[in-house]
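Reading through the structure tokens given below for one structure.
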Amino acid sequence: MSDYRSLKSVDPVVYQAIADERARQNFGLELIASENFVSRAVLEATGSVLTNKYAEGYPGRRYYGGCEYADVVERLAIDRAKQLFGAEHANVQPHSGTSANMSVYFAVLKPGDKLMGLDLACGGHLTHGHRLSYSGRDFQVVAYGVDRETERIDYDAVEALARAERPKLIVCGASAYSRIIDFARFRAIADQVGALLMADIAHIAGLVAAGLHPSPVPHCHFVTTTTHKTLRGPRGGLVMCQEAFAKEIDRSVFPGIQGGPLMHVIAAKAVALGEAQTEEWRQYQAQIVANAARLAGRLIGLGFRIVSGGTDNHLLLLDVAKAGLTGKVAEKVLEEAGMTVNKNTIPFDPNPPLVASGVRIGVAAVTTRGMKEPEMDQIGDLIAEALRAPEDGAALAGARAKVRELCGRFPLYDALM
Ligand SMILES: *Cc1c(COP(=O)(O)O)cnc(C)c1O
């Protein structure tokens, strides 16, 4: 049957694009803070025959026959998520972080209800109330920011805003914020105004699971996350909540906003959540935090300004305006030098988002490759080398050659090449 022919022979164009992408990942320095490289085991589960299976419903209560193995992997993923985070209830079906958040909003808010989240320009996520996202369209949004001086969340200001606005749901968590988030304080604020509290730990889930960032689980009614950032699983989402909200959340995910779950991805989530229970994995997360601090220190030593003066987690925001660049230019220059980052606004940025004055740099992916403190020093030097010669093609080519050499010492998916 022709169905059993390999991808290479059936569709050489797609095959080649995937091969090229593998080489790009292997020979470039991946510094995008929301990216990571999954294990071979996670990759295998993601590429498995479970992609064929319809399993609408939940384990033991499906709308389709033949779900016995789908049940096995989904039960495993749920149990492992609950165990890893100490949560009362977990739903592993959200296709993405965006759907995970939507499932909470639709479970507890009606159109027009008030939602309070961190401003995108201060590190929040589109789904925390940006006007171009469903979250900003369907709900009335109040945004809190960071303090101009410290560039950290000002909890007193959050409290004052919450008291004035009395939102129904407060969202904490961020996409570009390098400091510890005080979930206990957020809960105290929510309680004062009778709001529910949701933490979105999409970026820091791995750190939370490893005990390297305080957990939101004891303090929040809902905790959402992606599974593909520091958690190092397949691309997807996860919602956890207190038992009292379990039924509403499950109904909100399916049939509320999704149809059939992606069982191959859920199997891969189970694998990743299993990997996260090991001591080796906790050490890996600790190395991520150590690496980010080291890279921030190196860049500061080289004369760069880091937003808020440093980092407590896996990422940092580099203010490139001080170096005479825009985020847009810095992103392009670093790309030419073999380093992938994304431009990012910094607090009170005078530039619009598509230009921005900063770049966001994360170290989870390079840490997955095995890089440690000496390599962070080298990466800091390479970033400086590139940003100081933004128009010098030869200098950028030189940096790129060094990046390639560095990557060559930390091979990725070696056995798959
Ligand atoms: C990445 C991210 C998301 C969205 O995840 P997707 O899977 O891309 O939909 C949601 N919230 C935060 C804080 C994020 O950083």
Side-chain angles (χ1 to χ4, degrees), residues 30-36 38 42 46 81 85 91-106 115-130 132-136 139 141 143-146 153 169-181 183 186 197-209 213 215-216 220 222-240 252-253 257-258 261-262 265-266 268-269 272 288 292 311 313-317 341-345 353 358-365:
E30 186 52 73
L31 296 170
I32 292 179
S34 48
E35 294 195 9
N36 208 334
V38 299
V42 167
T46 312
F85 291 98
N91 186 310
V92 297
Q93 292 193 3
H95 301 332
S96 67
T98 295
S99 340
N101 290 350
M102 188 186 270
S103 74
V104 173
Y105 299 165
F106 288 4
L115 167 76
M116 183 167 145
L118 179 62
D119 194 354
L120 183 74
C122 290
H125 189 259
L126 282 166
T127 57
H128 296 182
H130 191 273
L132 295 177
S133 132
Y134 66 88
S135 61
F139 309 112
V141 175
Y144 57 93
V146 297
I153 294 168
L169 177 70
I170 297 178
V171 178
C172 53
S175 296
Y177 186 72
S178 63
R179 295 303 184 172
I180 299 281
I181 295 173
F183 298 118
F186 266 110
L197 181 63
M198 177 185 115
D200 177 352
I201 57 168
H203 265 265
I204 56 170
L207 277 53
V208 168
H213 186 293
S215 171
C220 298
F222 310 96
V223 176
T224 61
T225 183
T226 59
T227 45
H228 51 273
K229 298 178 184 175
T230 53
L231 198 53
R232 213 189 153 216
R235 185 160 296 282
L238 164 66
V239 194
M240 293 170 281
S252 187
V253 174
I257 62 166
Q258 290 188 173
L262 311 176
V265 176
I266 290 173
K269 286 174 182 170
I288 292 176
T311 178
N313 59 25
H314 63 299
L315 67 81
L316 57 93
L317 265 176
V341 303
N342 63 282
K343 61 179 162 296
N344 212 105
T345 51
V359 291
R360 188 181 65 160
I361 299 177
V363 298

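Counting starts at 1 for both ligands and their atoms, following the listed order.
- A perpendicular orientation is assigned to the rings of Tyr134 and Phe106, their planes being inclined by more than 60° (bins at 30° and 60°).
- When non-hydrogen atoms are compared, ligand 1 lies under 4.0 Å from the backbone of Ser96 as well as from its side chain.
- What sits closest to atom 3 (C) of ligand 1 on the protein, heavy atoms only, is His125 NE2, 3.2 Å.
- Residue contacts with ligand 1: His95 is excluded, as none of its non-hydrogen atoms falls under 4.0 Å.
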- Message: I'd like to know whether Ile361 forms a side chain to side chain contact (heavy atoms under 4.5 Å, CB included) with Leu315, so could you lay out the CA-CA distance, the side-chain angles of the two residues, the decisive distance to 0.1 Å, and finally the verdict.
- Response: CA-CA 6 Å; Ile361 299 177; Leu315 67 81; over 6 Å; no
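- Atom 7 (O) of ligand 1 has Gly97 N, 2.9 Å as its closest protein atom, hydrogens excluded (heavy atom only).
- The contact set between ligand 1 and Ser175, taken as ligand atoms under 4.0 Å from a residue heavy atom, comprises 12 (C), 13 (C), 14 (C), 15 (O).
- Counting protein heavy atoms under 4.0 angstrom from atom 9 (O) of ligand 1 gives one or more.
- Listed by number with element, the atoms of ligand 1 under 4.0 Å from a non-hydrogen atom of Thr226 are 5 (O), 7 (O).
- Scanning for salt bridge (Lys or Arg N to Asp or Glu O under 4.0 Å) contacts around Arg179 gives Asp312, with sequence neighbours left out.
- Remark: the Ser178 side chain and the Asn313 side chain contain no N/O donor-acceptor pair separated by less than 3.5 Å.
- Which parts of ligand 1 touch His228 is read off a 4.0 Å heavy-atom cut-off, strictly below it: atoms 7 (O).
- Aromatic rings from Tyr105 and His128 are positioned such that their centres are separated by 6.0 Å or more.
- Contact atoms of ligand 1 toward Ala174: 13 (C) (distance under 4.0 Å to a heavy atom of the residue).
- Near Lys229, meaning under 4.0 Å from one of its heavy atoms, ligand 1 places the atoms 1 (C), 2 (C), 3 (C), 14 (C), 15 (O).
- To the nearest 0.5 Å, the span separating OH on Tyr177 from SG on Cys172 amounts to 11.0 Å.
- Taking every non-hydrogen atom of Asp200 and a distance limit under 4.0 Å, the qualifying atoms of ligand 1 come out as 10 (C), 11 (N), 12 (C), 13 (C).
- Between the side chains of His125 and Asp200, not a single donor N or O lies within less than 3.5 Å of an accepting N or O.
- Interface of His203 with ligand 1, defined as ligand atoms under 4.0 Å from a residue heavy atom, comprises 15 (O).
- There is a side-chain donor-acceptor pair under 3.5 Å between Ser34 and Arg360.
- Close approach of ligand 1 to Ala202 is summarised as follows: ligand atoms under 4.0 Å from at least one heavy atom of the residue are 2 (C), 11 (N), 12 (C), 13 (C), 14 (C), 15 (O).
- Tyr144 and Phe186 have tilted rings, their planes meeting at an angle from 30° to 60° on a 0 to 90° scale.
- With a heavy-atom cut-off of 4.0 Å, Arg235 does not touch ligand 1 at all.
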